[in-house]
2 protein chains.
Amino acid sequence: MSKKDQITKERILNEAEALFAKNGYDAVSVREITTAARCNLAAVNYHFGNKQKLYLEVFRARWVPRARRVQEYFMEFLASRDTVSASAVAQALAEAFLKGPLSDDERQRQSQLMTRELIQPTEAFELLAGEVLRPFFKEMADILRPFMPEGLGNEGLALNILSMFSMVIYFNFARVVVSRITGRDYDAAFKDRLIEQIVGFSLNGLGKGKKKGA
Amino acid sequence: MSKKDQITKERILNEAEALFAKNGYDAVSVREITTAARCNLAAVNYHFGNKQKLYLEVFRARWVPRARRVQEYFMEFLASRDTVSASAVAQALAEAFLKGPLSDDERQRQSQLMTRELIQPTEAFELLAGEVLRPFFKEMADILRPFMPEGLGNEGLALNILSMFSMVIYFNFARVVVSRITGRDYDAAFKDRLIEQIVGFSLNGLGKGKKKGA
DNA sequence: ATTTGTATCAAACAAACGTTTAAATGTCAA
DNA sequence: TTGACATTTAAACGTTTGTTTGATACAAAT
(Lines give C-alpha, C1' and ligand atoms only; values in the text may rest on other atoms or scores of the structure.)
Protein backbone atom coordinates (compact mmCIF):
# COMPACT_ATOMS: atom_id res chain seq x y z
CA MET A 1 0.00 0.00 0.00
CA SER A 2 1.87 3.04 -1.23
CA LYS A 3 1.03 6.73 -1.06
CA LYS A 4 -0.40 6.75 -4.56
CA ASP A 5 -2.83 4.04 -3.53
CA GLN A 6 -4.13 6.05 -0.63
CA ILE A 7 -4.59 9.03 -2.88
CA THR A 8 -6.65 7.02 -5.37
CA LYS A 9 -8.54 5.31 -2.57
CA GLU A 10 -9.35 8.66 -1.01
CA ARG A 11 -10.39 10.19 -4.29
CA ILE A 12 -12.80 7.33 -4.78
CA LEU A 13 -14.15 7.76 -1.25
CA ASN A 14 -14.66 11.47 -1.81
CA GLU A 15 -16.46 11.14 -5.11
CA ALA A 16 -18.47 8.16 -3.91
CA GLU A 17 -19.66 10.07 -0.86
CA ALA A 18 -20.74 13.06 -2.92
CA LEU A 19 -22.55 10.93 -5.49
CA PHE A 20 -24.22 8.57 -3.00
CA ALA A 21 -25.45 11.56 -1.00
CA LYS A 22 -26.78 13.38 -4.04
CA ASN A 23 -28.35 10.52 -5.99
CA GLY A 24 -28.60 7.54 -3.64
CA TYR A 25 -26.90 4.15 -3.78
CA ASP A 26 -28.79 2.60 -6.68
CA ALA A 27 -28.73 5.67 -8.92
CA VAL A 28 -24.93 5.80 -8.82
CA SER A 29 -22.87 3.46 -10.99
CA VAL A 30 -19.34 2.31 -10.30
CA ARG A 31 -18.38 3.78 -13.65
CA GLU A 32 -19.73 7.16 -12.59
CA ILE A 33 -17.63 7.07 -9.42
CA THR A 34 -14.40 5.96 -11.05
CA THR A 35 -14.79 8.48 -13.85
CA ALA A 36 -15.27 11.28 -11.30
CA ALA A 37 -12.28 9.99 -9.35
CA ARG A 38 -10.21 9.83 -12.56
CA CYS A 39 -9.22 6.20 -12.11
CA ASN A 40 -9.88 2.84 -13.69
CA LEU A 41 -13.21 1.06 -13.39
CA ALA A 42 -11.65 -1.89 -11.57
CA ALA A 43 -10.20 0.32 -8.83
CA VAL A 44 -13.37 0.13 -6.76
CA ASN A 45 -13.25 -3.65 -6.64
CA TYR A 46 -9.52 -3.66 -6.09
CA HIS A 47 -9.55 -1.25 -3.17
CA PHE A 48 -12.92 -1.99 -1.58
CA GLY A 49 -14.02 -5.41 -2.82
CA ASN A 50 -17.32 -4.30 -4.31
CA LYS A 51 -19.76 -1.42 -4.56
CA GLN A 52 -21.63 -2.31 -1.36
CA LYS A 53 -18.42 -2.39 0.68
CA LEU A 54 -17.43 0.98 -0.77
CA TYR A 55 -20.75 2.42 0.36
CA LEU A 56 -20.14 1.06 3.84
CA GLU A 57 -16.62 2.43 3.87
CA VAL A 58 -17.97 5.88 3.01
CA PHE A 59 -19.79 5.78 6.32
CA ARG A 60 -16.91 4.26 8.24
CA ALA A 61 -14.19 6.53 6.88
CA ARG A 62 -16.10 9.72 6.15
CA TRP A 63 -19.52 9.98 7.77
CA VAL A 64 -18.71 8.71 11.26
CA PRO A 65 -15.57 10.86 11.74
CA ARG A 66 -17.46 13.94 10.61
CA ALA A 67 -20.33 13.17 12.96
CA ARG A 68 -17.77 12.87 15.75
CA ARG A 69 -16.44 16.31 14.90
CA VAL A 70 -19.94 17.74 15.14
CA GLN A 71 -20.42 16.03 18.48
CA GLU A 72 -17.13 17.43 19.76
CA TYR A 73 -18.10 20.89 18.60
CA PHE A 74 -21.36 20.49 20.48
CA MET A 75 -19.54 19.53 23.68
CA GLU A 76 -17.00 22.33 23.40
CA PHE A 77 -19.70 24.85 22.69
CA LEU A 78 -21.45 23.78 25.87
CA ALA A 79 -18.25 23.76 27.88
CA SER A 80 -17.44 27.30 26.77
CA ARG A 81 -20.59 28.51 28.51
CA ASP A 82 -20.14 29.47 32.15
CA THR A 83 -23.53 28.00 33.07
CA VAL A 84 -25.26 25.08 31.43
CA SER A 85 -29.01 25.25 30.90
CA ALA A 86 -31.65 23.63 28.77
CA SER A 87 -31.56 26.64 26.51
CA ALA A 88 -27.79 26.41 26.22
CA VAL A 89 -28.11 22.78 25.14
CA ALA A 90 -30.61 23.69 22.43
CA GLN A 91 -28.32 26.50 21.31
CA ALA A 92 -25.31 24.19 21.20
CA LEU A 93 -27.23 21.57 19.23
CA ALA A 94 -28.49 24.01 16.64
CA GLU A 95 -25.11 25.71 16.29
CA ALA A 96 -23.28 22.41 15.94
CA PHE A 97 -25.59 21.06 13.27
CA LEU A 98 -26.41 24.18 11.27
CA LYS A 99 -23.07 25.94 11.49
CA GLY A 100 -20.51 23.92 13.40
CA PRO A 101 -17.22 22.51 12.11
CA LEU A 102 -18.47 21.28 8.73
CA SER A 103 -18.51 23.10 5.44
CA ASP A 104 -21.87 23.67 3.84
CA ASP A 105 -21.32 20.90 1.32
CA GLU A 106 -20.25 18.50 4.04
CA ARG A 107 -23.31 19.33 6.09
CA GLN A 108 -25.63 18.72 3.19
CA ARG A 109 -23.98 15.42 2.30
CA GLN A 110 -24.03 14.34 5.93
CA SER A 111 -27.76 15.02 6.23
CA GLN A 112 -28.62 13.38 2.94
CA LEU A 113 -26.67 10.22 3.69
CA MET A 114 -28.21 9.90 7.13
CA THR A 115 -31.76 10.64 6.03
CA ARG A 116 -31.50 8.01 3.31
CA GLU A 117 -30.53 5.49 5.98
CA LEU A 118 -33.41 6.65 8.18
CA ILE A 119 -35.97 6.09 5.44
CA GLN A 120 -34.52 2.79 4.37
CA PRO A 121 -31.95 1.35 6.79
CA THR A 122 -29.20 -0.79 5.31
CA GLU A 123 -26.11 -2.33 6.86
CA ALA A 124 -24.71 1.18 7.29
CA PHE A 125 -27.48 2.07 9.70
CA GLU A 126 -26.10 -0.31 12.33
CA LEU A 127 -22.80 1.52 12.14
CA LEU A 128 -24.49 4.90 12.24
CA ALA A 129 -26.72 3.98 15.17
CA GLY A 130 -24.12 2.15 17.24
CA GLU A 131 -21.17 4.47 16.73
CA VAL A 132 -22.88 7.85 16.64
CA LEU A 133 -26.61 8.10 17.28
CA ARG A 134 -26.85 6.07 20.46
CA PRO A 135 -23.75 7.57 22.19
CA PHE A 136 -24.80 11.08 21.27
CA PHE A 137 -28.33 10.61 22.55
CA LYS A 138 -27.02 9.16 25.78
CA GLU A 139 -24.72 12.12 26.18
CA MET A 140 -27.49 14.62 25.54
CA ALA A 141 -29.79 12.79 27.93
CA ASP A 142 -27.20 12.91 30.71
CA ILE A 143 -26.66 16.62 30.20
CA LEU A 144 -30.34 17.53 29.95
CA ARG A 145 -31.63 15.28 32.73
CA PRO A 146 -30.98 17.78 35.61
CA PHE A 147 -32.92 20.50 33.83
CA MET A 148 -36.03 18.46 33.18
CA PRO A 149 -39.15 18.40 35.36
CA GLU A 150 -39.00 15.71 38.03
CA GLY A 151 -42.04 13.93 36.71
CA LEU A 152 -40.51 13.45 33.27
CA GLY A 153 -39.35 9.87 32.71
CA ASN A 154 -36.58 8.66 30.47
CA GLU A 155 -39.06 8.27 27.65
CA GLY A 156 -40.20 11.87 27.91
CA LEU A 157 -36.61 13.02 27.92
CA ALA A 158 -35.82 10.90 24.87
CA LEU A 159 -38.82 12.32 23.01
CA ASN A 160 -37.77 15.86 23.83
CA ILE A 161 -34.33 15.21 22.41
CA LEU A 162 -35.87 13.61 19.33
CA SER A 163 -38.10 16.64 18.87
CA MET A 164 -35.13 18.98 18.84
CA PHE A 165 -33.28 16.57 16.63
CA SER A 166 -36.13 16.45 14.15
CA MET A 167 -35.96 20.19 13.57
CA VAL A 168 -32.20 20.22 13.21
CA ILE A 169 -32.28 17.36 10.70
CA TYR A 170 -35.29 18.67 8.80
CA PHE A 171 -33.89 22.15 8.35
CA ASN A 172 -30.79 20.56 6.90
CA PHE A 173 -32.14 18.01 4.45
CA ALA A 174 -35.36 19.74 3.40
CA ARG A 175 -33.61 22.93 2.35
CA VAL A 176 -35.61 23.16 -0.85
CA VAL A 177 -38.92 23.26 1.01
CA VAL A 178 -37.67 25.54 3.75
CA SER A 179 -36.36 28.00 1.20
CA ARG A 180 -39.50 27.78 -0.88
CA ILE A 181 -41.90 28.29 2.00
CA THR A 182 -40.02 31.14 3.61
CA GLY A 183 -38.87 32.60 0.31
CA ARG A 184 -35.32 32.98 1.54
CA ASP A 185 -31.97 31.78 0.23
CA TYR A 186 -30.20 29.23 2.38
CA ASP A 187 -27.29 31.56 3.23
CA ALA A 188 -25.38 32.38 6.41
CA ALA A 189 -27.90 34.95 7.61
CA PHE A 190 -30.76 32.54 7.13
CA LYS A 191 -28.91 29.82 9.04
CA ASP A 192 -28.61 32.21 11.98
CA ARG A 193 -32.33 32.80 11.72
CA LEU A 194 -32.96 29.04 11.70
CA ILE A 195 -30.80 28.55 14.78
CA GLU A 196 -32.75 31.28 16.53
CA GLN A 197 -35.95 29.49 15.53
CA ILE A 198 -34.83 26.09 16.79
CA VAL A 199 -33.61 27.49 20.09
CA GLY A 200 -36.75 29.54 20.60
CA PHE A 201 -39.08 26.75 19.64
CA SER A 202 -37.25 24.21 21.80
CA LEU A 203 -36.92 26.45 24.81
CA ASN A 204 -40.38 26.14 26.23
CA GLY A 205 -40.98 22.82 24.60
CA LEU A 206 -38.32 21.44 26.85
CA GLY A 207 -40.40 22.37 29.88
CA LYS A 208 -38.50 25.48 30.77
CA GLY A 209 -40.83 27.71 32.76
CA LYS A 210 -42.61 24.62 33.94
CA LYS A 211 -39.67 22.82 35.47
CA LYS A 212 -40.00 21.85 39.07
CA GLY A 213 -36.39 20.73 39.52
CA ALA A 214 -33.34 22.91 40.18
CA MET B 1 -60.30 1.63 -22.31
CA SER B 2 -62.28 -1.20 -20.73
CA LYS B 3 -62.80 -2.15 -17.10
CA LYS B 4 -60.15 -4.82 -17.20
CA ASP B 5 -57.64 -2.21 -18.25
CA GLN B 6 -58.38 0.04 -15.35
CA ILE B 7 -58.00 -2.86 -12.99
CA THR B 8 -54.58 -3.69 -14.37
CA LYS B 9 -53.63 -0.03 -14.42
CA GLU B 10 -54.64 0.33 -10.79
CA ARG B 11 -52.83 -2.83 -9.74
CA ILE B 12 -49.67 -1.44 -11.33
CA LEU B 13 -50.15 1.89 -9.56
CA ASN B 14 -50.61 0.15 -6.22
CA GLU B 15 -47.58 -2.07 -6.50
CA ALA B 16 -45.46 0.71 -7.96
CA GLU B 17 -46.31 3.00 -5.09
CA ALA B 18 -45.44 0.40 -2.47
CA LEU B 19 -42.16 -0.50 -4.16
CA PHE B 20 -41.07 3.07 -4.93
CA ALA B 21 -41.78 4.04 -1.33
CA LYS B 22 -39.91 1.10 0.14
CA ASN B 23 -36.88 0.96 -2.14
CA GLY B 24 -36.74 4.20 -4.10
CA TYR B 25 -37.10 4.86 -7.81
CA ASP B 26 -33.80 3.45 -9.04
CA ALA B 27 -33.84 0.32 -6.91
CA VAL B 28 -37.16 -0.78 -8.40
CA SER B 29 -37.28 -2.39 -11.84
CA VAL B 30 -40.22 -2.41 -14.19
CA ARG B 31 -40.10 -6.20 -14.10
CA GLU B 32 -40.42 -6.14 -10.32
CA ILE B 33 -43.51 -3.94 -10.57
CA THR B 34 -45.24 -5.94 -13.29
CA THR B 35 -44.50 -9.22 -11.56
CA ALA B 36 -46.02 -7.92 -8.32
CA ALA B 37 -49.01 -6.61 -10.29
CA ARG B 38 -49.35 -9.98 -12.05
CA CYS B 39 -49.29 -8.51 -15.53
CA ASN B 40 -47.03 -8.40 -18.55
CA LEU B 41 -43.80 -6.47 -18.61
CA ALA B 42 -44.99 -4.26 -21.45
CA ALA B 43 -48.05 -3.14 -19.49
CA VAL B 44 -46.16 -0.28 -17.84
CA ASN B 45 -45.15 1.24 -21.15
CA TYR B 46 -48.57 0.60 -22.64
CA HIS B 47 -50.52 2.27 -19.83
CA PHE B 48 -48.10 4.93 -18.67
CA GLY B 49 -45.59 5.49 -21.46
CA ASN B 50 -42.48 4.75 -19.44
CA LYS B 51 -41.16 4.17 -15.92
CA GLN B 52 -40.65 7.85 -15.16
CA LYS B 53 -44.21 8.71 -16.12
CA LEU B 54 -45.49 5.86 -13.95
CA TYR B 55 -43.56 7.31 -11.01
CA LEU B 56 -45.15 10.69 -11.65
CA GLU B 57 -48.58 9.13 -11.97
CA VAL B 58 -48.13 7.48 -8.56
CA PHE B 59 -47.92 10.97 -7.10
CA ARG B 60 -50.74 12.35 -9.22
CA ALA B 61 -53.18 9.49 -8.72
CA ARG B 62 -52.21 8.21 -5.28
CA TRP B 63 -50.07 10.55 -3.21
CA VAL B 64 -51.83 13.85 -3.86
CA PRO B 65 -55.37 12.53 -3.20
CA ARG B 66 -54.23 10.93 0.04
CA ALA B 67 -52.54 14.14 1.12
CA ARG B 68 -55.82 15.93 0.42
CA ARG B 69 -57.64 13.47 2.66
CA VAL B 70 -55.18 14.21 5.46
CA GLN B 71 -55.67 17.91 4.95
CA GLU B 72 -59.45 17.52 5.06
CA TYR B 73 -59.17 15.48 8.24
CA PHE B 74 -57.07 18.27 9.71
CA MET B 75 -59.70 20.88 8.83
CA GLU B 76 -62.59 18.82 10.13
CA PHE B 77 -60.75 18.07 13.33
CA LEU B 78 -60.28 21.79 13.85
CA ALA B 79 -63.87 22.58 12.93
CA SER B 80 -65.15 20.04 15.45
CA ARG B 81 -63.57 22.05 18.22
CA ASP B 82 -65.78 24.75 19.71
CA THR B 83 -62.84 27.13 20.08
CA VAL B 84 -59.78 27.31 17.88
CA SER B 85 -56.43 27.96 19.51
CA ALA B 86 -52.76 27.48 18.72
CA SER B 87 -52.80 24.34 20.80
CA ALA B 88 -55.83 23.02 18.92
CA VAL B 89 -53.98 23.54 15.64
CA ALA B 90 -50.98 21.59 16.88
CA GLN B 91 -53.31 18.87 18.12
CA ALA B 92 -55.12 18.70 14.78
CA LEU B 93 -51.86 18.56 12.86
CA ALA B 94 -50.43 15.75 14.94
CA GLU B 95 -53.68 13.79 14.92
CA ALA B 96 -54.10 14.16 11.16
CA PHE B 97 -50.57 13.03 10.33
CA LEU B 98 -49.98 10.35 12.96
CA LYS B 99 -53.45 8.87 13.13
CA GLY B 100 -55.83 10.53 10.71
CA PRO B 101 -57.67 8.95 7.79
CA LEU B 102 -54.81 6.83 6.45
CA SER B 103 -53.94 3.27 7.31
CA ASP B 104 -50.57 2.66 8.88
CA ASP B 105 -49.12 1.33 5.63
CA GLU B 106 -50.46 4.29 3.70
CA ARG B 107 -48.98 6.71 6.21
CA GLN B 108 -45.58 5.08 6.01
CA ARG B 109 -45.61 5.05 2.19
CA GLN B 110 -46.76 8.67 2.11
CA SER B 111 -43.91 9.79 4.36
CA GLN B 112 -41.29 7.77 2.54
CA LEU B 113 -42.32 9.05 -0.88
CA MET B 114 -42.36 12.64 0.28
CA THR B 115 -39.09 12.46 2.19
CA ARG B 116 -37.35 10.99 -0.85
CA GLU B 117 -38.55 13.99 -2.85
CA LEU B 118 -37.39 16.35 -0.10
CA ILE B 119 -33.86 14.93 -0.14
CA GLN B 120 -33.65 14.80 -3.88
CA PRO B 121 -36.41 16.70 -5.67
CA THR B 122 -37.49 15.38 -9.06
CA GLU B 123 -40.31 16.39 -11.38
CA ALA B 124 -42.75 15.01 -8.80
CA PHE B 125 -41.69 17.62 -6.29
CA GLU B 126 -43.25 20.40 -8.36
CA LEU B 127 -46.55 18.56 -8.22
CA LEU B 128 -46.19 17.89 -4.52
CA ALA B 129 -45.24 21.46 -3.69
CA GLY B 130 -47.78 23.18 -5.91
CA GLU B 131 -50.78 20.96 -5.27
CA VAL B 132 -50.31 20.14 -1.60
CA LEU B 133 -47.47 21.73 0.35
CA ARG B 134 -48.01 25.35 -0.59
CA PRO B 135 -51.83 25.37 -0.21
CA PHE B 136 -51.62 23.55 3.10
CA PHE B 137 -49.02 25.93 4.48
CA LYS B 138 -51.06 28.89 3.40
CA GLU B 139 -54.10 27.44 5.11
CA MET B 140 -52.21 26.79 8.33
CA ALA B 141 -50.71 30.25 8.25
CA ASP B 142 -54.14 31.86 7.88
CA ILE B 143 -55.50 29.86 10.79
CA LEU B 144 -52.54 30.42 13.09
CA ARG B 145 -51.96 34.09 12.30
CA PRO B 146 -54.47 35.48 14.85
CA PHE B 147 -52.90 33.50 17.66
CA MET B 148 -49.35 34.63 17.05
CA PRO B 149 -47.60 37.51 18.80
CA GLU B 150 -48.03 40.80 16.98
CA GLY B 151 -44.34 41.24 16.42
CA LEU B 152 -44.04 37.93 14.56
CA GLY B 153 -43.71 38.43 10.82
CA ASN B 154 -44.75 36.07 8.07
CA GLU B 155 -41.32 34.48 8.14
CA GLY B 156 -41.54 33.73 11.84
CA LEU B 157 -44.96 32.22 11.34
CA ALA B 158 -43.70 30.08 8.46
CA LEU B 159 -40.78 28.84 10.54
CA ASN B 160 -43.10 27.91 13.39
CA ILE B 161 -45.23 25.86 11.04
CA LEU B 162 -42.13 24.23 9.58
CA SER B 163 -40.95 23.38 13.09
CA MET B 164 -44.17 21.56 13.87
CA PHE B 165 -44.09 19.97 10.45
CA SER B 166 -40.56 18.71 11.01
CA MET B 167 -41.61 16.73 14.08
CA VAL B 168 -44.66 15.28 12.40
CA ILE B 169 -42.64 14.20 9.38
CA TYR B 170 -39.68 12.94 11.35
CA PHE B 171 -41.74 10.81 13.71
CA ASN B 172 -43.28 9.20 10.66
CA PHE B 173 -40.32 8.43 8.46
CA ALA B 174 -37.65 7.82 11.08
CA ARG B 175 -39.66 5.19 12.91
CA VAL B 176 -36.65 2.92 13.23
CA VAL B 177 -34.65 5.50 15.15
CA VAL B 178 -37.59 6.67 17.24
CA SER B 179 -38.38 3.10 18.24
CA ARG B 180 -34.74 2.32 18.92
CA ILE B 181 -34.07 5.39 21.04
CA THR B 182 -37.22 5.15 23.11
CA GLY B 183 -37.24 1.36 23.15
CA ARG B 184 -40.91 1.23 22.24
CA ASP B 185 -42.84 -0.49 19.47
CA TYR B 186 -44.50 1.81 16.97
CA ASP B 187 -48.06 0.80 17.96
CA ALA B 188 -51.28 2.71 18.59
CA ALA B 189 -50.43 3.55 22.20
CA PHE B 190 -47.05 4.90 21.19
CA LYS B 191 -48.59 7.03 18.47
CA ASP B 192 -50.83 8.62 21.09
CA ARG B 193 -47.72 9.30 23.14
CA LEU B 194 -46.04 10.89 20.11
CA ILE B 195 -49.05 13.12 19.47
CA GLU B 196 -48.94 14.21 23.09
CA GLN B 197 -45.25 14.98 22.65
CA ILE B 198 -45.71 17.00 19.49
CA VAL B 199 -48.58 19.01 20.95
CA GLY B 200 -46.74 19.62 24.21
CA PHE B 201 -43.50 20.55 22.52
CA SER B 202 -45.19 22.84 20.01
CA LEU B 203 -47.42 24.54 22.52
CA ASN B 204 -44.98 26.96 24.04
CA GLY B 205 -42.76 26.95 21.03
CA LEU B 206 -45.57 28.64 19.18
CA GLY B 207 -45.33 31.60 21.53
CA LYS B 208 -48.25 30.67 23.72
CA GLY B 209 -47.69 32.26 27.10
CA LYS B 210 -45.69 34.97 25.44
CA LYS B 211 -48.30 36.14 23.00
CA LYS B 212 -49.20 39.77 23.14
CA GLY B 213 -52.18 39.57 20.78
CA ALA B 214 -55.68 38.35 21.57
C1' DA C 1 -70.33 -12.81 -38.59
C1' DT C 2 -67.34 -9.12 -39.36
C1' DT C 3 -65.17 -5.13 -38.22
C1' DT C 4 -62.84 -2.07 -35.02
C1' DG C 5 -60.22 -0.73 -31.31
C1' DT C 6 -58.17 -2.09 -26.91
C1' DA C 7 -55.42 -4.97 -23.95
C1' DT C 8 -52.18 -8.69 -23.21
C1' DC C 9 -48.50 -11.49 -24.42
C1' DA C 10 -43.80 -13.70 -25.44
C1' DA C 11 -39.80 -12.33 -27.50
C1' DA C 12 -36.26 -9.49 -28.65
C1' DC C 13 -33.52 -5.00 -28.56
C1' DA C 14 -29.47 -2.18 -27.42
C1' DA C 15 -27.51 -0.17 -23.49
C1' DA C 16 -25.78 -0.16 -18.92
C1' DC C 17 -24.85 -2.69 -14.93
C1' DG C 18 -21.34 -4.91 -11.27
C1' DT C 19 -17.62 -7.77 -11.38
C1' DT C 20 -13.53 -10.48 -13.12
C1' DT C 21 -9.40 -11.32 -15.68
C1' DA C 22 -4.75 -11.18 -17.19
C1' DA C 23 -1.41 -8.34 -18.88
C1' DA C 24 1.15 -4.01 -18.15
C1' DT C 25 3.13 -0.61 -15.28
C1' DG C 26 4.92 1.32 -11.19
C1' DT C 27 7.52 1.11 -6.68
C1' DC C 28 11.03 -0.03 -3.68
C1' DA C 29 14.20 -3.16 -1.16
C1' DA C 30 17.91 -6.43 -1.84
C1' DT D 1 19.73 -4.65 -11.92
C1' DT D 2 17.02 -7.93 -10.34
C1' DG D 3 13.16 -9.66 -7.97
C1' DA D 4 8.81 -9.23 -5.50
C1' DC D 5 4.89 -6.95 -4.67
C1' DA D 6 1.35 -3.26 -5.32
C1' DT D 7 -1.34 -0.78 -8.47
C1' DT D 8 -3.38 0.42 -12.85
C1' DT D 9 -5.13 -0.77 -17.15
C1' DA D 10 -8.12 -2.33 -21.23
C1' DA D 11 -11.07 -5.78 -22.31
C1' DA D 12 -14.42 -8.91 -21.57
C1' DC D 13 -17.74 -11.55 -18.61
C1' DG D 14 -22.69 -12.74 -17.82
C1' DT D 15 -26.89 -10.19 -16.01
C1' DT D 16 -30.15 -6.97 -15.75
C1' DT D 17 -31.99 -2.75 -17.29
C1' DG D 18 -35.93 0.14 -19.84
C1' DT D 19 -38.18 -0.06 -23.96
C1' DT D 20 -40.08 -1.80 -28.46
C1' DT D 21 -42.16 -5.02 -31.53
C1' DG D 22 -45.61 -7.80 -33.82
C1' DA D 23 -48.64 -11.33 -33.01
C1' DT D 24 -52.63 -12.80 -30.34
C1' DA D 25 -56.86 -12.48 -27.44
C1' DC D 26 -60.72 -10.01 -26.19
C1' DA D 27 -64.51 -6.88 -26.15
C1' DA D 28 -68.25 -4.20 -28.11
C1' DA D 29 -70.48 -2.29 -32.30
C1' DT D 30 -71.97 -2.75 -37.05
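Naming: A, B, ... by sequence-line order, numbering from 1 per chain.
- Within the 4.5 Å cutoff, no side-chain heavy atoms of A:Leu78 are placed close to those of A:Gln91.
- The distance between atom CG of B:Asn50 and atom P of D:dT19, rounded to the nearest whole Å, is 5 Å.
- In the region residues 51-61 of chain A, proximity to DNA chain C at under 4.0 angstrom, judged on heavy atoms, holds for A:Lys51.
- Between the two ends of the helix from C:dA14-D:dT17 to C:dA30-D:dT1, each summarised by a five-pair axis, the helix axis turns through 30° (rounded to 10 degrees).
- The separation between B:Asn40 atom CG and C:dA11 atom C1' is 10 Å, rounded to whole Å.
- Of the residues in residues 25-38 of chain A, A:Val28, A:Ser29, A:Val30, A:Arg31 come within less than 4.0 Å of DNA chain C through at least one heavy atom, sorted by number.
- Between the OH atom of A:Tyr46 and the C1' atom of C:dG26 there is a distance of 11 Å, rounded to whole Å.
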Taking distance alone, no hydrogens or angles, what donor-acceptor pairs closer than 3.5 Å link side-chain atoms of residues 171-178 of chain B to residues at least two apart or in another chain?
from	atom 1	to	atom 2	distance (Å)
B:Asn172	OD1	B:Arg175	NH2	3.4
B:Asn172	ND2	B:Phe97	O	3.1
B:Asn172	ND2	B:Val168	O	3.4
B:Arg175	NE	B:Asn172	O	3.1
B:Arg175	NH1	B:Asp104	OD2	3.3
B:Arg175	NH1	B:Gln108	OE1	2.9

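- A donor-acceptor contact under 3.5 angstrom links the side chains of B:Gln71 and B:Glu139, judged on distance only.
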N/O donor-acceptor pairs under 3.5 Å from side chains in residues 32-41 of chain A, not counting sequence neighbours:
from	atom 1	to	atom 2	distance (Å)
A:Glu32	OE1	A:Ser29	N	3.3
A:Thr34	OG1	A:Val30	O	3.0
A:Thr34	OG1	A:Arg31	O	3.2
A:Thr35	OG1	A:Arg31	O	2.7
A:Asn40	OD1	A:Ala42	N	2.9

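- Checking the phosphate oxygens (OP1, OP2) of D:dT8, a side-chain nitrogen or oxygen of A:His47 falls inside 4.0 Å.
- Using a 30° and 60° split on the angle between ring planes, A:Tyr55 and A:Phe59 fall in the perpendicular class, above 60°.
- For A:Arg134, the side-chain hydrogen bond (donor to acceptor under 3.5 Å, both in side chains) test picks out no residue, with sequence neighbours left out.
- Using a 30° and 60° split on the angle between ring planes, B:Phe190 and B:Tyr186 fall in the perpendicular class, above 60°.
- Salt bridge present: A:Lys138 and A:Asp142 bring a charged side-chain N and a carboxylate O closer than 4.0 Å.
- The pair B:Lys99-B:Glu106 does not meet the salt-bridge criterion, since no charged nitrogen lies less than 4.0 angstrom from a carboxylate oxygen.
- Nucleotide C:dA7 holds its P atom 12 Å from the CZ atom of B:Phe48, rounded to whole Å.
- Remark: P of D:dT7 and CG of A:Asn45 are 15 Å apart, rounded to the nearest angstrom.
- Note: A:Phe137 and A:Phe165 have perpendicular aromatic rings, judged against thresholds of 30 and 60 degrees for the angle between ring planes.
- Checked options B:Glu131, B:Glu17, B:Glu72; the residue passing with B:Arg66 is B:Glu17 (criterion: salt bridge (Lys or Arg N to Asp or Glu O under 4.0 Å)).
- Within 4.0 Å of B:Ala42, counting heavy atoms only, lies at least one base atom of the nucleic acid.
- Counting to the nearest Å, the C1' atom of C:dC9 and the CD1 atom of B:Ile12 are 13 Å from each other.
- Between B:Thr8 and C:dA7 there is no side-chain polar atom (N or O) within less than 4.0 angstrom of OP1 or OP2.
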